[in-house]
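Residues: numbered from 1 along the sequence shown.
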Amino acid sequence: MKKIAPFILFLLVSCITFSQTDSSRLCHLRISLLTCTPGTELYSTFGHSALRVTDSAANTDIIFNYGTFDFTDPGFYIKFVRGKLLYFVSVDEHQNFLDQYAYEKRGITEQVLNLSCQQKEKLLAALNENAKEENKFYIYDFVYDNCTTRLRDMVFDSAGKMETKNIRPTTKITFRNLIHEYLNRTHQHWSKLGIDILLGAPLDKKLTNSEAMFLPDYLLKAFDSTVTNGKPLVESKSVILNSTLPKPVKPLLTPFVAFSILLLLVVTLSFLPMAEKFLLFFDFLLFFFSGLLGVLLLFMWFGTDHLTTKNNLNLLWAFPFNMIAAFFIAKKRKWVSRYFFGYGILLVLLLILWWPGPQQMNNSLLPVVALLLWRSVIYCRRLY
């Protein structure tokens with residue numbers, strides 16, 4: 001009996017020790033972050049994030065995807081422009097998700113989360129609650145509330161106390177800087193121009209470490225750099241699908257080159273009397289469409305729910321009243337000359353504040369502003 005007692009004691013201690021080991025090893029749940037590489041369409045330029053939940057007890061392998069929207073939604077485009085389009089969380093089989101990205105030739109990196117069984121169950125319960133029909137919809141915001149920030153918040157809420165190292169390239173980095181990083185990498189200069197025109201000064205806010213996680217790649221970096229309860233948040237990391245997309249091709253004509261050629265051509269024609277009628281027609285188009293663009297920017301500022309389209313300094317050159325003035329450029333009236341004199345001063349001030357101003361302007365617009373200034377000088381000279 002004396003020989004058996006130590007053995008029984010050993011078994012008891014072993015059982016207690018085993019029960020106190022990390023419960024995540026005993027849990028039938030496996031949760032991981034999937035980070036998808038960019039695609040060829042503009043909406044997929046910044047990649048995508050989703051959560052994968054594998055349940056070995058129920059033999060399920062599903063994806064929770066917060067980046068779903070319905071193209072058949074009545075008024076889809078109007079809602080999209082006004083910032084009222086509803087996105088929703090969808091649940092799909094992992095294999096279907098994998099097949100879709102394989103078809104698009106995009107890659108996927110998986111980070112298995114090092115959570116306890118209790119934390120995994122809490123996270124899964126939150127995901128299931130979000131996926132209910134009455135809860136699954138949300139108003140999408142490109143930088144503050146998107147398919148990636150939603151995952152950031154849910155995982156961090158479930159993980160408890162944590163520390164994340166700085167993932168920003170510099171502490172002075174802005175939303176626009178990070179967006180440019182992707183667009184420059186893929187040589188999408190025209191898309192970059194459009195984004196820089198439509199999105200205003202809020203995009204130039206200096207980012208916090210948490211805000212930088214609005215992009216999938218930066219959420220991936222954040223998870224790699226996070227420690228929760230003294231252990232790394234990421235248990236393992238692997239590439240489960242390689243991207244087979246060809247490298248982006250540099251465009252032959254960038255916006256800066258195209259607008260510079262146009263500027264040189266118009267300045268040259270300005271000295272040729274025979275081009276006067278052509279330039280009159282050109283000026284009508286130039287000022288009319290710059291004014292029309294200004295009206296659009298005003299609408300995006302005051303008529304939509306988009307936070308990043310407000311306080312847009314592009315209105316200093318895309319001046320809404322140009323749309324009206326365009327109809328009077330052929331008439332030699334003093335108020336027309338005075339209008340272009342005032343508009344010219346506005347353009348000069350814009351050029352002075354181009355780099356130190358509160359909003360980062362797209363340098364491809366410099367030839368456009370110079371062209372507007374040059375043609376304004378032509379019309380304000382009628383005063384003398």
Side-chain angles (χ1 to χ4, degrees), residues 172 174-177 179-180 189 192-206 254-268 270 279 282-303 306-329 331-384:
K172 295 182 179 180
T174 67
F175 286 113
R176 198 183 303 271
N177 294 150
I179 290 171
H180 283 181
H189 304 293
K192 177 181 174 182
L193 174 64
I195 288 173
D196 282 345
I197 290 175
L198 285 175
L199 304 185
L203 207 66
D204 297 287
K205 173 185 176 294
K206 292 179 182 178
T254 64
F256 184 82
V257 172
F259 294 147
S260 295
I261 293 173
L262 180 63
L263 173 63
L264 291 173
L265 178 62
V266 172
V267 170
T268 302
S270 299
L279 288 176
F282 171 81
D283 289 341
F284 170 80
L285 295 178
L286 176 67
F287 290 112
F288 179 82
F289 283 108
S290 66
L292 186 62
L293 177 58
V295 172
L296 172 62
L297 297 184
L298 277 179
F299 170 75
M300 296 300 292
W301 183 343
F302 296 103
H306 295 292
L307 298 176
T308 51
T309 57
K310 304 183 184 303
N311 305 324
N312 195 334
L313 296 186
N314 282 295
L315 279 162
L316 295 177
W317 66 267
F319 203 57
F321 291 108
N322 283 359
M323 190 170 62
I324 299 173
F327 288 94
F328 297 92
I329 55 176
K331 302 182 184 298
K332 296 182 179 181
R333 297 179 180 178
K334 285 187 177 181
W335 75 264
V336 176
S337 297
R338 289 190 179 117
Y339 172 85
F340 283 106
F341 179 78
Y343 178 57
I345 292 176
L346 196 63
L347 294 176
V348 170
L349 290 174
L350 175 61
L351 290 173
I352 293 173
L353 297 173
W354 193 266
W355 287 282
Q359 179 176 333
Q360 183 181 346
M361 307 295 285
N362 192 299
N363 289 334
S364 297
L365 291 170
L366 281 169
V368 175
V369 175
L371 179 58
L372 288 164
L373 178 58
W374 172 252
R375 297 311 298 170
S376 295
V377 169
I378 296 298
Y379 290 105
C380 72
R381 285 176 62 186
R382 292 175 178 173
L383 282 171
Y384 306 100

Colleague: With side chains defined as the heavy atoms from C-beta onward, is the minimum distance between Q360 and N177 less than 4.5 Å?
Modeller: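 Q360 reaches N177 side chain to side chain.
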Colleague: Taking all atoms of both residues into account, what is the closest heavy-atom pair of L307 and P202, and its distance?
Modeller: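 It is O-CG, 3.4 Å.
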Colleague: If you count every heavy atom of other residues, nucleotides or ligands that lies below 6.0 Å from K205 atom NZ, does the total exceed 12?
Modeller: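 More than 12 heavy atoms, drawn from other residues, nucleotides or ligands, come within 6.0 Å of this atom.
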Colleague: Is any side-chain heavy atom of L286 less than 4.5 Å from a side-chain heavy atom of N322?
Modeller: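 No - every pair of side-chain heavy atoms lies 4.5 Å or more apart.
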Colleague: So, do F328 and Y339 sit near enough that their side-chain heavy atoms are less than 4.5 Å apart?
Modeller: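 With C-beta onward as the side chain, the pair stays apart.
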Colleague: Does any N or O in the side chain of R176 come within less than 3.5 Å of the main-chain N or O of G200, such that one atom is a donor and the other an acceptor?
Modeller: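 Yes; at least one donor-acceptor contact below 3.5 Å.
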Colleague: Working to the nearest 0.5 angstrom, can you tell me the gap between L315 CG and L293 CG?
Modeller: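 CG of L293 is found 8.0 Å from CG of L315.
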Colleague: Taking the side chain as everything from C-beta on, heavy atoms only, tell me whether F259 gets closer than 4.5 Å to L371.
Modeller: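 They are not in side-chain contact.
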Colleague: Check whether any side-chain heavy atom of P358 sits under 4.5 Å from a side-chain heavy atom of L313, and report yes or no.
Modeller: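 A side-chain contact under 4.5 Å exists here.
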Colleague: Mind checking whether V369 and W354 have side chains closer than 4.5 Å, heavy atoms only?
Modeller: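 They are in side-chain contact.
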Colleague: How close do L373 and G344 get, heavy atom to heavy atom, and via which atoms?
Modeller: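 So the minimum-distance heavy-atom pair works out to CD1-O, 3.5 Å.
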Colleague: So which heavy atom on M323 is nearest to which on L292, and how close?
Modeller: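 Closest approach of M323 to L292, heavy atoms only: SD-CD1, 3.6 Å.
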Colleague: Taking the six-membered ring for Trp, are F284 and F327 ring centroids under 6.0 Å apart?
Modeller: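 Distance test on ring centres: under 6.0 Å, yes.
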Colleague: Identify which one of I197, L297, L199, L203 satisfies the side-chain contact (heavy atoms from CB on, under 4.5 Å) criterion when paired with N312.
Modeller: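 Exactly one candidate clears the test, L297.
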Colleague: Under 3.5 Å, side chain of S376 to main-chain N/O of Y343, donor-acceptor pair present?
Modeller: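 Looks like no, no N/O pair under 3.5 Å.
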Colleague: Could you check whether any side-chain N or O of K206 sits under 3.5 Å from a backbone N or O of T174, counting only pairs where one atom can act as donor and the other as acceptor?
Modeller: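 Absent.
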Colleague: Using the side-chain contact (heavy atoms from CB on, under 4.5 Å) rule, take L365 and N314 through it: C-alpha gap first, then chi angles, then the decisive distance, then the call.
Modeller: CA-CA 10 Å; L365 291 170; N314 282 295; 3.6 Å; yes
Colleague: I want to check something: taking the side chain as every heavy atom from C-beta on, are F282 and L262 in contact at a cut-off of under 4.5 Å?
Modeller: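 When only atoms from C-beta onward are counted, L262 and F282 do touch, with a gap below 4.5 Å.
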Colleague: Does F321 CZ have over 12 foreign heavy atoms under 6.0 Å away?
Modeller: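 Counting neighbours around CZ of F321, 12 or fewer heavy atoms of other residues, nucleotides or ligands fall under 6.0 Å, so no.
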Colleague: Shortest non-hydrogen contact from W317 to S290?
Modeller: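 Heavy atoms only, the tightest pair is O-CB, 4.4 Å.
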Colleague: Hey, are the side chains of D196 and M361 touching, using non-hydrogen atoms and a 4.5 Å cut-off?
Modeller: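 Heavy-atom side-chain distance check fails, nothing below 4.5 Å.
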Colleague: Could you grab the distance from atom CD1 of I329 to atom CG of D283, nearest 0.5 Å is fine?
Modeller: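 Here the interatomic distance stands at 5.0 Å.
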Colleague: Closest approach of S260 and P367, non-hydrogen atoms and distance?
Modeller: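 Heavy-atom minimum between the residues: OG-CG, 3.4 Å.
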Colleague: Go through the steps to decide whether Q359 and N311 satisfy the test side-chain contact (heavy atoms from CB on, under 4.5 Å), and finish with yes or no.
Modeller: CA-CA 9 Å; Q359 179 176 333; N311 305 324; 6.0 Å; no
Colleague: Heavy atoms only: give me the nearest S364-N362 pair and the separation to one decimal.
Modeller: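 Of all heavy-atom pairs spanning S364 and N362, the closest is N-OD1, 2.8 Å.
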Colleague: For side-chain contact (heavy atoms from CB on, under 4.5 Å), just list the numbers for F319 and L372, CA-CA rounded to whole Å, side-chain angles, deciding distance to a tenth of an Å, and then say yes or no.
Modeller: CA-CA 11 Å; F319 203 57; L372 288 164; over 6 Å; no
Colleague: Applying side-chain contact (heavy atoms from CB on, under 4.5 Å) to F340 and V377, what does each step give before you reach the verdict?
Modeller: CA-CA 7 Å; F340 283 106; V377 169; over 6 Å; no
